[in-house]
Amino acid sequence: MAILVTGGAGYIGSVTVERLQAKGEHVVVLDDLAYGHRETLDSGIPFYQGRAGDRALLARILKDHEIESCIHFAALALVGESMEEPRKYFENNVEQGIALMSTLLAAGVRRVVFSSTCATYGEPDEIPIREQTRQWPKNPYGWSKLIVERLLSSYDTAYGLKFVALRYFNAAGATKRCGENHNPETHLVPNVLAAALGEKPEVRVFGNEYPTPDGTAIRDYVHVNDLADAHILALEHLRRGGASEFLNLGTGHGYSVLEVIDAARKVTGRAIHVRMESPRPGDPPRLVADATRAKAILGWVAHESDLAAILQSQWEWMQRHPRGHTASGN
Ligand SMILES: NC(=O)c1ccc[n+]([C@@H]2O[C@H](COP(=O)([O-])OP(=O)(O)OC[C@H]3O[C@@H](n4cnc5c(N)ncnc54)[C@H](O)[C@@H]3O)[C@@H](O)[C@H]2O)c1
């Protein structure tokens with residue numbers, strides 16, 4: 001029996017695949033490589049290049065492998081781009097998601113772990129954010145994820161599809177093999193470390209007049225290893241016959257942009273220059289999770305998410321892979 005991992009060549013997907021494999025799980029990866037890196041995957045892993053909602057390709061995968069569950073990472077995830085090109089986001093994240101879920105259901109696959117996001121909360125009316133906090137996304141990316149959440153919930157009621165929708169806060173950090181390497185890179189940690197490495201002249205800080213102690217936005221950073229573990233625990237929960245769940249994955253502790261930059265100066269021992277810019281539309285001042293439910297339901301705790309450890313792991317990875325995944329070939 002195998003687990004179908006869509007988006008398994010991406011950042012969080014490749015780390016999850018690495019950890020699933022280490023547990024002896026059989027994994028099949030489907031990724032269109034729009035943003036993923038084929039070389040992050042062990043050569044022994046069955047890999048299909050294509051879109052998550054390609055019904056003909058899915059039929060082939062379902063014929064070739066005995067798929068018992070699916071972890072659905074595949075999505076476009078650039079908030080700014082989603083504001084400019086919403087069609088792309090609804091088509092890729094929603095339409096492809098619908099086709100995937102329908103095909104899985106038709107084949108009798110009824111266990112799904114879904115990559116959702118704190119972006120579904122928009123500008124939350126309470127901090128820390130609980131799963132019951134009102135969800136009202138501020139951008140099409142967040143809406144595309146919330147629509148899939150609603151779809152999963154309806155499919156559970158009507159067709160018995162069991163799912164865990166994991167609402168990640170900010171993924172960061174690296175393993176020895178896989179690091180954060182998006183192109184374009186919009187995430188803070190790799191951008192701060194690129195400035196420390198001298199690959200970028202400075203870090204652009206978007207907004208310093210937020211209602212936070214130093215005026216910069218606060219986020220909850222979770223080590224990618226901790227996120228990967230949550231998927232494994234979620235699968236185990238579903239295999240035990242557990243109910244469908246929406247779960248926040250964060251640490252409950254937020255850091256401002258300037259605090260992350262300061263911590264990166266300490267970890268790297270390098271100067272990091274900062275350039276202040278206007279806030280980006282749709283960027284809330286503070287996003288911090290209440291993750292007590294993930295602990296209660298899955299037994300999940302973010303063991304590796306100390307900020308210095310996150311920075312250290314990504315720093316080591318970037319030094320070993322100065323031009324990212326593609327150039328290094330491992
Ligand atoms: N990185 C974060 O901090 C974060 C936070 C919250 C949620 N998420 C979600 O987690 C998931 C993984 O994020 P990531 O940071 O690893 O992104 P990523 O871009 O590195 O990985 C996504 C992968 O999916 C693939 N993909 C995209 N659309 C596809 C499609 N239609 N068919 C097949 N493959 C497709 C891409 O090629 C890529 O390999 C995404 O769903 C994202 O929305 C990420």
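Residues take their numbers from the sequence shown, with the count starting at 1. As the structure lists them, so they are numbered: ligands from 1, and atoms in each ligand from 1.
Interface of L33 with ligand 1, defined as ligand atoms under 4.0 Å from a residue heavy atom, comprises 37 (O). With ligand atoms numbered from 1 in the order given, ligand 1 contributes 39 (O) to contacts under 4.0 Å with heavy atoms of A9. Every atom of ligand 1 is numbered from 1 in the order shown, and the set under 4.0 Å from a heavy atom of F73 is 11 (C), 12 (C), 40 (C), 41 (O). Near G50, the atoms of ligand 1 lying under 4.0 angstrom from a non-hydrogen atom of the residue are 32 (N), 33 (C). Against a heavy-atom cut-off of under 4.0 Å, Y11 is close to the following atoms of ligand 1: 15 (O), 16 (O), 18 (P), 20 (O), 21 (O). Of all the atoms in ligand 1, the ones that sit under 4.0 Å from a non-hydrogen atom of A52 are 30 (C), 31 (N), 32 (N), 33 (C). Residue-ligand proximity, S116 to ligand 1, at heavy-atom distances under 4.0 Å covers atoms 6 (C), 7 (C). Applying the 4.0 Å criterion to heavy atoms of S115 picks out, from ligand 1, the atoms 9 (C), 10 (O), 11 (C), 41 (O).
The proximity of Y141 to ligand 1, defined as any non-hydrogen pair under 4.0 Å, is limited to the side chain. Counting heavy atoms under 4.0 Å from ligand 1, residue R167 does not touch it at all. Under 4.0 angstrom from ligand 1, the non-hydrogen atoms of K145 all belong to its side chain. At a 4.0 Å heavy-atom cut-off, ligand 1 touches H187 through the side chain alone.
Under 3.5 Å, the side chains of H65 and Y48 contain a donor-acceptor pair of N or O atoms. Side chains of Y121 and N248: a donor-acceptor N/O pair is present below 3.5 angstrom, by distance only. Side chains of D226 and S305: a donor-acceptor N/O pair is present below 3.5 angstrom, by distance only.
The salt bridge (charged side-chain N to carboxylate O under 4.0 Å, His left out) pairs that include a residue from residues 281-290 are R219-D283, R280-D283, where partners are two or more places apart or lie in different chains. Sorted by first and then second residue, the pairs that involve residues 232-258 and meet salt bridge (charged side-chain N to carboxylate O under 4.0 Å, His left out), not counting sequence neighbours, are K23-E236, E25-R239, E68-R239, E245-R293.
Below 3.5 Å of separation, one finds no N or O of G7 facing any N or O of ligand 1. On a distance-only criterion, E180 and ligand 1 share no N/O pair closer than 3.5 Å. Residue G13 has no N or O atom closer than 3.5 Å to an N or O atom of ligand 1. At under 3.5 Å, not a single nitrogen or oxygen of A74, backbone or side chain, sits near a nitrogen or oxygen of ligand 1. Of the polar atoms of D31, at least one N or O is found under 3.5 Å from an N or O of ligand 1, judged by distance alone. Among the atoms of A77, none of the N or O lies under 3.5 angstrom from an N or O of ligand 1. Between C118 and ligand 1, no pair of N/O atoms sits closer than 3.5 Å. Here's the thing with L76: none of its N/O atoms is less than 3.5 angstrom from an N/O atom of ligand 1. On a distance-only criterion, L30 and ligand 1 share no N/O pair closer than 3.5 Å. Considering backbone and side-chain N/O of N92, one or more are found under 3.5 Å from N/O of ligand 1.
With respect to atom 17 (O) of ligand 1, the closest heavy atom belonging to the protein is H182 NE2, 3.5 Å.
Between the S244 side chain and the F163 main chain, a donor and an acceptor come within less than 3.5 Å of each other.
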